[in-house]
Amino acid sequence: MKAKVLILSFVVILCAGALLGQGVRSEEEIPSLWQAYADYFPIGAAVRYSSLTRHKDLLEKHFNSITAENEMKFSTLQPDEGIFAFFRADAIVEFAKKNNMLVRGHTLVWHRQYPSWLFRDGAGKASGELVLQRLETHINTVLSRYKGDVYCWDVVNEAVSDSMSEYLRRDSPWYQAVGEDYIAAAFHMAHKADPDAKLFYNDYGATRADKMEKICVLLEDLLAAGVPVHGMGMQGHWDIFGPSVSQIETAIRRYAALGLEVQITELDISLYHWNDKRKAITDPEELAGRLARQAKKYEEIFRVFREYRDVITGVTFWGVADDLTWKDQEPVRGRKDFPLLFDAEGHRPKEAFWQVVNY
Ligand code: GLA
C-alpha cells in the first residue's frame, strides 16, 4: 500500500515537473525573486533545518528573509525546563547572517508544539503565576540570545477562536492556565526583553469576516491598553479557490487601519480546496488546469501586495519548493500538494513564479 502511494506520488511529481518544465531557462535567465521585490518588501521562506542544505541555492538566490518552520517553537527550544536546545535555530540564524537575510522569529506563545512540563506542576496543573514565570524565563532567554539577529517575533499565534460562539480559544492551555491576560503579558515580556524587536500577532483565517472582526477587537483592546503590538501577521495558507483577492485586500486595509504594519507570514496556495479530503489528482490535464489557476492567483495577490507596499513589511512563503511542504500531510496525510513557486523535482521556477516576478 505504502509502495503504491509512493509510486503514485512519484508519477504525479514527474507529470507536474514535465508540465512545469516547458520553456526551461538557464539559471542566468531566472531573475532573483527578492531582487524583483527590493522596492516593495522582503521576501521570506520558512525553513526546516534540512532546507539549509537541500534548498541552499534557492534560498541564497531568491530570499532575503528566513523563518524557522519549527526550530524556534517552544517545544523545540526548551524541551525540558531550563534545558534549551538552540543548535538548529542557531544554524538558521547563522545561515541568514552569512547571506544578509532578515530573520522572523516564530513563535513564542501557541497552543500547539509546547512541551508538556510547561503546564504541569508535580502531579497537578501549574498555576497561572507559574506558567507566566516560565514564559518570562523562556522569552528572556530566547530574545536575549537572538537580539539584533531576529528583527521581529510572532509573539502570540492563533489565540482567536474559529467558533462563532467563542471569542478567544478557550481550549488553549495558555487560556486555561492564565485567562486572557496571557496575551498582553507575552507582548510586554517580549518588548522588555528586546525593545527593538517588532512584535506581531499572527493568525490564519485572518481574511474571514467573522474572525477578522474578533482579531480586530483583540488588537484594538491591546493597543488601547498600551500593549506593545506592532504588526499583524496574516498567515496566508490559502488555496486556488479562496479567499478572493478582494477579501485579502479588505483584510490588509482593515489591519493597517489599526495603525499596524501587516505581513503575510505563511504564504502557500494549495491546489486543493481546504475542505477537500479526497485523494490526490492524478489526471495530468486536471493538474495542469489547477497549476494554471494557482499561477493566476499568485499573480493577483502579489498585485495587491505591491499596491499596499506602504503597510506590508514582509511576505514569507511557508516553505521553499514543492518537495518539502507541510501541505503533503495536511489535511490529507501523504497527498502530494504543490503550493509554492519552485517545483518538487528540480527546484525549477513554476508558472506561478513567472507571474510573480514579471509585473
Ligand atoms: C500554523 C503555524 C505554523 C505551522 C503551520 C503548519 O500555521 O503557525 O507554525 O505549524 O501551522 O505547518
Side-chain angles (χ1 to χ4, degrees), residues 44-51 54-55 65-79 88-89 92 103-115 118 138 142 146 150 152-162 168-169 171-175 182-183 186-187 190 198-208 211-212 215 218 229 231-239 242-243 248 251 255 262-272 274-275 277 314-340:
V47 296
R48 300 176 194 180
Y49 179 64
S50 61
S51 303
R54 185 167 175 159
H55 296 124
S65 176
I66 213 166
T67 301
E69 186 172 345
N70 293 302
E71 280 76 2
M72 290 192 185
K73 287 175 180 165
F74 209 129
S75 55
T76 315
L77 287 183
Q78 199 184 166
R88 291 195 167 87
I92 292 171
V103 186
R104 280 201 96 246
H106 175 84
T107 176
L108 299 170
V109 174
W110 192 26
H111 63 281
R112 298 174 67 183
Q113 292 183 253
Y114 58 83
L118 180 54
H138 185 79
V142 174
Y146 295 123
V150 173
C152 76
W153 279 97
D154 288 332
V155 178
V156 176
N157 197 29
E158 305 177 354
V160 167
S161 173
D162 289 318
L168 297 176
R169 214 180 251 285
D171 61 359
S172 160
W174 294 100
Y175 187 94
Y182 79 88
I183 301 173
F187 279 97
K198 296 266 183 177
L199 306 181
F200 280 73
Y201 173 73
N202 191 50
D203 214 332
Y204 65 87
T207 57
R208 240 181 41 214
K211 191 160 175 184
M212 179 168 69
I215 294 173
L218 172 66
V229 185
M232 170 63 199
M234 296 169 58
Q235 289 187 2
H237 293 299
W238 296 325
D239 59 57
I248 294 170
Y255 297 121
V262 176
Q263 294 201 2
I264 314 301
T265 55
E266 305 185 19
L267 181 61
D268 46 22
I269 299 187
S270 170
L271 298 191
Y272 297 90
W274 65 272
N275 206 15
K277 308 274 166 66
V315 174
T316 290
F317 290 85
W318 205 244
V320 186
D322 283 346
D323 58 326
L324 205 59
T325 162
W326 75 295
K327 294 301 295 177
D328 287 353
Q329 308 305 332
E330 287 282 339
V332 180
R333 191 162 274 275
R335 182 179 68 183
K336 185 75 201 115
D337 202 344
F338 305 92
L340 299 161

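As the structure lists them, so they are numbered: ligands from 1, and atoms in each ligand from 1. Computation of the quantities below employed the complete heavy-atom set of this structure, encompassing side-chain atoms and omitting hydrogens, waters and symmetry-equivalent molecules. A quick note: this is a predicted structure, and the numbers were derived from the prediction, not measured.
Look at Lys327 and Asp268 and you find no salt bridge, because none of the NZ, NE, NH1 or NH2 atoms lies under 4.0 Å from a carboxylate O. With respect to Arg54 and Asp323, a salt bridge is recorded, a charged nitrogen being found less than 4.0 Å from a carboxylate O.
At a cut-off of 3.5 Å, with distance as the only test, no side-chain donor of Asp154 or Trp110 sits close to an acceptor on the other residue. Thr76 and Asn70 are not linked by any side-chain donor-acceptor pair at a separation below 3.5 angstrom, with hydrogens and angles left out of the test.
If you check which protein heavy atom lies closest to atom 10 (O) of ligand 1, you get Lys73 NZ, 2.9 Å. Ranking the protein heavy atoms by distance from atom 6 (C) of ligand 1 puts Trp326 CE3, 3.2 Å first.
A donor-acceptor pair is defined here as one N or O able to donate and one able to accept, closer than 3.5 Å; no such pair exists between the side chain of Asp337 and the backbone of Ser270.
Polar contact check, Asn202 against ligand 1: no nitrogen or oxygen pair lies under 3.5 Å apart. Not a single N or O atom of Asn70, backbone or side chain, sits closer than 3.5 Å to an N or O atom of ligand 1.
Listed by number with element, the atoms of ligand 1 under 4.0 Å from a non-hydrogen atom of Gln235 are 1 (C), 7 (O), 8 (O). Set against the non-hydrogen atoms of His237, the atoms of ligand 1 under 4.0 Å away are 7 (O). The contact set between ligand 1 and Trp110, taken as ligand atoms under 4.0 Å from a residue heavy atom, comprises 1 (C), 2 (C), 10 (O). Taking every heavy atom of Asn157 and a limit of under 4.0 angstrom, the matching atoms of ligand 1 come to 2 (C), 8 (O). Ligand-side atoms of ligand 1 in range of Glu266: 1 (C), 2 (C), 3 (C), 5 (C), 7 (O), 8 (O), range being under 4.0 angstrom from any heavy atom.
Open room surrounds NZ on Lys198; 12 or fewer heavy atoms of other groups in view lie less than 6.0 Å from it. Shown here is Trp274, whose CH2 atom has no more than 12 heavy atoms of other residues, nucleotides or ligands within 6.0 Å.
Under 4.0 angstrom from ligand 1, the non-hydrogen atoms of His106 all belong to its side chain.
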